[in-house]
S.K.: 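Take a look at the following structure, please.
One-based numbering along the sequence shown. Below, each value reflects all heavy atoms present in this structure, side chains not excepted, and no hydrogens, waters or symmetry copies.
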Amino acid sequence: MSARKTAVGGPVVPAAVRQVERGLRQFYIEGNLLDASDLDDKSAAEREPRLLSRALTAQAVRIVTGFSMQEAALTVIDGEADQGIDGIAVVDGPDPHVYLVQAKWSKYGKAPSERQAVHELLAGLRLIDDEEFAEFNPRGRQLAELAKTLMSQGTVPVTQVIVLMRAEDVTDGFRHALLTGEKEFNRHGQVLDHRIILSSEVHESVRRDLAPRSVDITAELFPWFAITAPYESFQGVVSAEHVAEWMTHGSDLFNLNIRNPLGRTTINNALISTLTEEPENFWYFNNGVTVLCESVTRDRQSVRTPQQRPIVLNLHNASVVNGAQTVRSIAEAVAADEGAASAQVSVRIIVTGNASKFAKETTQATNRQNRVEARDFIALDPVQAAIMEDMRAELGLEYSVRRSELDPPADTGCSVVEAACALGCAHPDSRYAARMAGSLDVLWERGSQGTYDVLFRPQPSAFLLWNAVQVLRTVRRTLHRLRPRYKGRGAALTEHGVYLLTHLVFRQLDIDAIDEPDPDLEWARKAMEQAPALVEQLLPLVAVAIDELYSERSRIQTVCGDAARCRELVDYVATRLSGKEGREAPDKYRRAKVQRKRRRPNAVSVLIDHGILDEGAPVTLSSAHPVEAEALREWLAEDERRARATWVNHRSKPLLWAADGKQYSPSGLITHMWVLAEWADRPMANQGTARWTTSSGDTLADLAWRVLGDSDEASDEEADNEHG
């Protein structure tokens with residue numbers, strides 16, 4: 001029976017093995033932790049599996065000893081004269097232990113369990129026991145001597161660790177060989193044992209190493225009081241200086257929150273102003289901070305009069321679930337003004353233990369007092385955490401869920417908003433493309449009739465999600481390129497028909513393999529090559545279809561947002577495409593080449609006049625200008641706040657920059673950033689509104705053009721009615 005094939009024609013690589021390989025490469029190979037000098041003259045076909053086998057050895061050492069990756073890599077002796085041992089880990093201290101590791105890597109998760117491997121490992125142990133260190137290579141000799149020195153100090157346990165990239169258990173013959181060899185060394189006491197590590201355990205360890213680190217912080221409260229049941233809790237006053245120290249953990253401090261700190265906003269500016277100008281009033285003006293933690297230990301507390309003295313609490317696996325803006329503002333204020341350190345902050349600490357449901361309910365409840373959107377609560381859905389892990393493990397990509405997180409650069413990942421839009425377009429039912437055309441808020445509606453659960457349950461794979469995102473991005477780019485070529489209803493379709501057209505593109509693509517494991521992303525590459533031509537074909541065809549089905553007086557935006565009409569359109573287009581003469585349609589709304597280009601609108605005024613953006617709406621720097629993106633890349637990487645701002649309804653300076661809390665015009669801020677980044681070849685001018693992107697993926701300029709397109713379309717309709 002032949003092996004099942006992947007989308008690119010090769011045998012199936014199990015998900016666990018793919019993710020382990022990516023993790024091992026990231027940790028040990030790309031991190032240059034392994035000595036590979038003896039492999040320099042080897043071909044890639046021989047070098048790669050040897051490197052992965054060494055990385056697997058190091059990870060096995062990490063599993064059994066808790067060593068850091070750097071320490072584990074130093075235990076690897078694999079190579080010529082390794083005497084059947086791939087790694088020697090010596091644990092000294094109160095509980096001494098020696099581990100001898102042998103690793104068998106398999107790209108397809110089929111590593112053999114051969115008795116010969118056991119015999120080689122035992123032979124190497126005999127050399128160590130007989131002090132025949134010269135038989136080993138230089139690193140092996142050094143570690144073998146260290147192991148024997150420890151073994152000579154008494155009954156020090158020695159464990160043979162066999163790590164195999166296979167899911168199935170080892171054979172009975174393999175276990176028998178291990179047990180037989182152990183009898184030889186255990187005649188005078190229990191010294192030698194073994195541990196078998198299979199792919200599932202390696203996979204779990206790699207996923208754990210890829211996951212965000214837990215945060216441990218200290219809180220000194222005074223005055224304070226405590227509640228012991230049903231959940232141990234503490235409430236009291238903490239100095240601003242102390243709270244500012246928590247920010248050394250960065251965004252990990254807010255892992256359980258539904259939002260990260262939003263950076264500089266008008267509200268945060270007011271917080272900072274209070275902290276620096278009147279710190280004595282901060283406790284009165286601010287609601288404080290809520291922290292959840294898994295466990296707590298009391299470092300210092302008076303026994304006789306506890307409430308009359310400060311209490312110092314060590315919080316394990318802590319997360320600020322309410323007051324993220326407060327913590328970030330305190331850190332900025334203390335860094336800028338020493339006087340802010342004296343401010344007092346109200347802090348509530350709740351010890352949740354393993355009560356994950358209660359922790360989630362607390363996070364939701366403590367955030368209801370602030371303006372929270374439906375999307376924010378999606379951050380608490382375990383499915384989103386699982387997708388984040390899969391994206392990182394399968395493809396090495398980032399996936400941002402929380403609304404205030406900075407969206408990853410386009411080539412390094414995507415946001416949950418972009419993913420949901422792409423999945424909605426890829427869904428066989430066109431109703432989801434129609435719903436999104438009206439408002440993206442529908443993406444977070446829950447329940448059987450909502451959109452969110454349809455798109456994310458069952459959990460989409462990392463490959464499906466990323467492939468769909470690539471198609472949506474390609475359609476967006478193509479429509480952006482085509483938009484200046486169209487007028488009237490054609491231009492309106494490039495704006496309001498993004499999701500409908502993307503849905504139609506998916507229908508024309510071969511999507512049978514869109515969900516297949518494909519680490520090289522061959523499916524996405526082919527789809528991105530085909531999509532632009534499909535868009536150019538579909539755009540005039542859909543415009544004609546709308547005119548024929550609903551008349552030239554129908555509003556494009558209304559049609560694209562109507563589920564029933566979109567379904568009719570999809571069927572109509574499918575029929576036309578299947579006909580011999582129907583694939584081509586008259587491009588009736590294409591601009592004549594001699595027509596003068598339309599004057600660019602004052603985007604800021606348009607957006608404010610029509611109330612398009614809410615006060616405080618986040619915007620991020622667009623990466624659509626490659627030369628500029630490359631010039632600013634390193635400078636932006638130094639501080640994530642440099643690439644984001646928030647919207648303020650101010651006609652001349654509508655962007656409040658997260659990096660310094662000051663307001664700028666869109667173009668003025670771009671120019672200011674170019675100067676700070678010391679970009680020598682920067683242009684003399686820029687269109688700033690085309691460089692700042694909203695959470696919907698549209699630039700400020702895009703939104704303004706869309707509003708004007710709606711107005712023009714409405715005016716055309718009114719004129720038709722007058723003459724009708």
S.K.: Do Arg507 and Ser430 pair up side chain to side chain, a donor and an acceptor below 3.5 Å, judged on atom types alone?
M.R.: no
S.K.: Run the numbers on Arg166 and Ser106 for side-chain hydrogen bond (donor to acceptor under 3.5 Å, both in side chains), then give the verdict.
M.R.: CA-CA 8 Å; Arg166 58 182 283 154; Ser106 168; over 6 Å; no
S.K.: Flag the pair Asp562 and Arg431 as a salt bridge only when some basic side-chain nitrogen lies within less than 4.0 angstrom of an acidic carboxylate oxygen.
M.R.: no
S.K.: With rounding to the nearest 0.5 angstrom, report the CD1 to CD distance, Ile546 to Glu552.
M.R.: 11.5 Å
S.K.: Main chain of Ala617, side chain of Asp614: is a donor-acceptor contact present, judged purely on distance under 3.5 Å?
M.R.: no
S.K.: Does Arg22 come within less than 4.0 Å of Glu394, counting only side-chain N to carboxylate O?
M.R.: no
S.K.: Ignoring hydrogens and angles, state whether a donor on the side chain of Trp679 or Asp681 is under 3.5 Å from an acceptor on the partner side chain.
M.R.: no
S.K.: Using only atom types and a distance under 3.5 Å, with no angle test, would you say the side chain of Trp523 pairs donor to acceptor with the backbone of Asp510?
M.R.: yes
S.K.: Please identify which of these residues, Leu541, Leu504, Leu500, meets the side chain to side chain contact (heavy atoms under 4.5 Å, CB included) condition with Leu569.
M.R.: Leu500
S.K.: On a heavy-atom basis, which atom in Gly109 and which in Val17 lie closest, and how many Å separate them?
M.R.: CA-CG2, 3.7 Å
S.K.: Test Val416 against Phe456 for side chain to side chain contact (heavy atoms under 4.5 Å, CB included), laying out the working first.
M.R.: CA-CA 10 Å; Val416 66; Phe456 288 101; 4.1 Å; yes
S.K.: Between Arg476 and Glu418, is there a side-chain N and carboxylate O pair less than 4.0 Å apart?
M.R.: no
S.K.: Grab the two heavy atoms, one from Thr474 and one from Thr478, that are nearest each other, plus how far apart they are.
M.R.: O-OG1, 2.8 Å
S.K.: If the threshold is 4.0 Å, N to carboxylate O, is there a salt bridge linking Glu640 and Arg644?
M.R.: yes
S.K.: For a salt bridge (Lys or Arg N to Asp or Glu O under 4.0 Å) check, start with the C-alpha distance between Glu522 and Lys526, then their side-chain angles and the critical distance, and finish with the verdict.
M.R.: CA-CA 6 Å; Glu522 284 295 313; Lys526 293 177 181 177; 5.1 Å; no
S.K.: Nearest heavy-atom pair of Leu455 and Ala420: which atoms, and what distance?
M.R.: CD1-O, 3.4 Å
S.K.: Hey, is the main chain of Ala574 close enough, under 3.5 Å, to the side chain of Ser578 for a donor-acceptor pair?
M.R.: yes
S.K.: Using 4.0 Å as the upper bound for N to carboxylate O, is an ion pair formed by Arg525 and Asp520?
M.R.: no
S.K.: Just wondering, are more than 12 heavy atoms of other shown residues or ligands nearer than 6.0 Å to NZ in Lys588?
M.R.: yes
S.K.: Could you tell me whether the side chain of Asn467 and the main chain of Ile514 form a donor-acceptor pair under 3.5 Å?
M.R.: yes
S.K.: On the 0 to 90° scale, with breaks at 30° and 60°, tag the Tyr452-Trp444 ring pair as parallel, tilted or perpendicular.
M.R.: tilted
S.K.: Please report the shortest heavy-atom distance between Asp515 and Leu464, naming the atom on each side.
M.R.: OD1-CB, 3.2 Å
S.K.: Are any of the side-chain nitrogens in Asp390 or Arg207 under 4.0 Å away from the carboxylate oxygens of its partner?
M.R.: yes
S.K.: Looking at CG of Leu613 and CG of Asn649, how far apart are the two atoms once the value is rounded to the nearest 0.5 Å?
M.R.: 8.0 Å
S.K.: Quick one: OG1 on Thr694 to CG on Asp702, what's the gap to the nearest 0.5 Å?
M.R.: 8.5 Å
S.K.: Kindly indicate, with the supporting measurements, whether the criterion salt bridge (Lys or Arg N to Asp or Glu O under 4.0 Å) is fulfilled by Asp381 and Arg457.
M.R.: CA-CA 11 Å; Asp381 186 355; Arg457 281 178 169 74; 2.9 Å; yes
S.K.: Would a 4.5 Å heavy-atom cut-off, applied to side chains only, mark Cys414 and Met391 as touching?
M.R.: yes
S.K.: If every non-hydrogen atom of Val544 is compared with every non-hydrogen atom of Pro586, which pair is closest and at what distance?
M.R.: CG2-O, 3.5 Å
S.K.: For the residue pair Val206 and Phe27, establish whether any side-chain heavy-atom pair is separated by less than 4.5 Å.
M.R.: yes
S.K.: Carefully, step by step, assess Trp674 and Asn686 under the rule side chain to side chain contact (heavy atoms under 4.5 Å, CB included).
M.R.: CA-CA 11 Å; Trp674 287 351; Asn686 69 82; 3.4 Å; yes
S.K.: Quick check against the 3.5 Å criterion: does Arg18 have a side-chain atom that pairs as donor or acceptor with the backbone of Val13?
M.R.: yes
S.K.: Counting distance only, does the side-chain N/O of Arg489 pair as donor-acceptor with the main-chain N or O of Ser554 below 3.5 Å?
M.R.: yes
S.K.: Check step by step if side chain to side chain contact (heavy atoms under 4.5 Å, CB included) holds for Cys560 and Tyr499.
M.R.: CA-CA 8 Å; Cys560 290; Tyr499 301 125; over 6 Å; no
S.K.: Return the CD to CD1 distance between Glu495 and Ile556, rounded to the nearest 0.5 Å.
M.R.: 12.0 Å
S.K.: Are side-chain N/O atoms of Gln384 and Tyr399 paired as donor and acceptor at under 3.5 Å?
M.R.: yes
S.K.: Looking at CG of Leu423 and CZ of Phe506, how far apart are the two atoms once the value is rounded to the nearest 0.5 Å?
M.R.: 8.0 Å
S.K.: With a 4.5 Å heavy-atom cut-off, do Thr620 and Trp692 have their side chains touching?
M.R.: no
S.K.: Test Pro532 against every option in Arg481, Gln537, Arg477 by the side chain to side chain contact (heavy atoms under 4.5 Å, CB included) rule and name the one that passes.
M.R.: Arg481
S.K.: Nearest 0.5 Å, what's the OG1-CG distance between Thr494 and Leu482?
M.R.: 8.0 Å
S.K.: Determine the minimum heavy-atom distance between Ala704 and Leu607, stating which atoms define it.
M.R.: N-CD2, 3.9 Å
S.K.: Report yes or no: is the cationic atom of Arg565 (NZ for Lys, CZ for Arg) under 6.0 Å from the centre of the six-membered ring of Tyr550, at an angle within 45° of the ring normal?
M.R.: yes
S.K.: Between Arg208 and Glu389, does at least one N-O distance fall below 4.0 Å, as a salt bridge requires?
M.R.: no
S.K.: Ser199 side chain to Met165 main-chain N or O, any donor-acceptor pair under 3.5 Å?
M.R.: no
S.K.: Side chain of Gln470, backbone of Met528: donor and acceptor closer than 3.5 Å?
M.R.: no
S.K.: Answer yes or no: is there a side-chain heavy-atom contact under 4.5 Å between Val559 and Leu549?
M.R.: no
S.K.: I'd like to know if the side chain of Thr699 pairs up with that of Arg691 as donor and acceptor (distance under 3.5 Å, no hydrogens or angles considered).
M.R.: no
S.K.: If we only count heavy atoms from C-beta on, is the Trp105 to Val20 side-chain gap below 4.5 Å?
M.R.: yes
S.K.: Is the shortest heavy-atom distance from the side chain of Tyr589 to the side chain of Pro540 under 4.5 Å?
M.R.: no
S.K.: Run Tyr486 and Arg591 through side chain to side chain contact (heavy atoms under 4.5 Å, CB included) and show every step you take.
M.R.: CA-CA 5 Å; Tyr486 283 84; Arg591 290 182 182 276; 5.5 Å; no
S.K.: For the CD atom on Glu529, are there more than 12 heavy atoms of other groups (residues, nucleotides or ligands in this structure) within a distance under 6.0 Å?
M.R.: yes
S.K.: Taking side chain as C-beta onward, heavy atoms only, is Thr558 less than 4.5 Å from His496?
M.R.: no
S.K.: Kindly say whether His427 contributes a backbone atom to a donor-acceptor pair with the side chain of His503 at under 3.5 angstrom?
M.R.: yes
S.K.: Arg25 versus Glu48: any side-chain heavy-atom pair under 4.5 Å?
M.R.: yes
